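These notes are about the structure you will find just below.
This chain uses plain numbering: 1 for the first residue, then up along the sequence. These figures come from a predicted structure and were not determined experimentally.
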Amino acid sequence: GATLTFSVTSNRLLFSGRVRTSHVEKLMGLVVEMLSEPLFAPTELEILKKRELASLALAAQDTHAQADIALSRTLFLPGHPNYMETTDESREALLTVSPDILRSYHERVIGKDGLILSFAGDITSSIATRATTLFATLLSKGQCVAPVTPATIRRPTSISSYRDWE
């Protein structure tokens with residue numbers, strides 16, 4: 001079978017898929033469709049907002065979560081990626097989210113700029129190149145770079161050499 005999942009972090013939108021090699025281009029087409037033609041259905045957004053509000057209410061009572069927030073606010077300045085909003089600040093921000101705001105944000109941010117494609121498994125260079133070209137053709141902003149072949153990937157030679165990557 002095939003799978004396609006996605007998740008969101010504070011600074012990334014992640015898609016992960018597993019398919020047979022013969023279906024890579026179809027999977028990539030689905031991802032491009034989701035990125036280029038999002039619905040932002042108001043009823044679905046309201047359901048998600050209610051779920052998130054409930055999650056924030058629980059987080060407000062969770063001493064571990066509150067300690068994490070307090071520590072991040074002590075260690076990092078506002079604007080730093082690790083600086084965390086309070087649960088009240090998150091709740092206030094969530095209440096302002098609308099389909100129009102999401103659509104506007106999506107149009108400004110989502111595109112080929114910053115896109116990272118990673119392939120693993122039984123995939124040939126030509127399939128990876130075709131899939132990358134599909135992204136480059138269907139997404140309207142920025143430039144998409146051709147995939148890096150395994151021979152050109154710089155790998156750390158020891159644990160200490162990981163520091164060179166930072």
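The pair Lys49-Glu46 meets the salt-bridge criterion, since a charged nitrogen lies less than 4.0 angstrom from a carboxylate oxygen.
Judged by distance alone, with hydrogens and angles left aside, the side-chain atoms of Arg73 form a donor-acceptor pair with the main-chain N or O of Met84 at under 3.5 Å. A distance-only check finds a donor-acceptor pair linking the side chain of Glu89 to the backbone of Thr86 [under 3.5 Å]. Without hydrogens or angle criteria, Thr21 side chain to Asp122 main chain gives a donor-acceptor distance under 3.5 Å. Between the side chain of Ser104 and the backbone N or O of Ile101, no donor-acceptor pair lies under 3.5 Å.
Interatomic distance, Arg51 CZ to Leu94 CG, rounded to the nearest 0.5 Å: 13.0 Å. Atoms CD and OG, from Glu107 and Ser36 in turn, are 12.0 Å apart once rounded to the nearest 0.5 Å. Distance check: Ser16 OG to Leu4 CG gives 8.0 Å after rounding to the nearest 0.5 Å. From Arg130, atom CZ reaches atom CE of Met28 across 11.5 Å, with rounding to the nearest 0.5 Å. Annotation: the span from Leu53 atom CG to Leu58 atom CG amounts to 11.5 Å, rounded to 0.5 Å. Atoms CZ and CG, from Phe40 and Leu48 in turn, are 11.5 Å apart once rounded to the nearest 0.5 Å.
Considering only heavy atoms from C-beta on, Thr87 comes within 4.5 Å of Gln66 through its side chain. Between Thr132 and Phe119 the shortest side-chain heavy-atom distance falls below 4.5 Å. Using a 4.5 Å heavy-atom threshold, the side chains of Ser90 and Leu56 count as touching. Taking 4.5 Å as the limit, some side-chain heavy atom of Leu35 sits within range of a side-chain heavy atom of Leu13.
Within a 6.0 Å sphere centred on CZ of Arg20, heavy atoms belonging to other residues, nucleotides or ligands number 12 at most. For CZ of Arg103, the number of neighbouring non-hydrogen atoms (other residues, nucleotides, ligands) closer than 6.0 Å is greater than 12. Heavy atoms of other residues, nucleotides or ligands lying less than 6.0 angstrom from CG of Leu14 number more than 12. Lys26 NZ: 12 or fewer foreign heavy atoms inside a 6.0 Å radius.
Hydrophobic clustering (ILVMFWY, side-chain heavy atoms < 4.5 Å, transitive): Ile47 and Leu45 are in distinct clusters. Using a 4.5 Å cut-off between side-chain heavy atoms of Ile, Leu, Val, Met, Phe, Trp and Tyr, with links allowed through other members, Ile123 and Val19 fall into the same hydrophobic cluster.
Closest approach of Ser72 to Ile69, counting heavy atoms only: OG-O, 3.0 Å. When all heavy atoms are compared, the tightest approach of Leu27 to Gly17 is CD2-CA, 3.8 Å. Closest non-hydrogen pair, Ala131 versus Val24, comes out as CB-CG1, 4.2 Å.
His80 meets the ring-ring contact (aromatic ring centres under 6.0 Å, His included) test with Phe76; sequence neighbours excluded.
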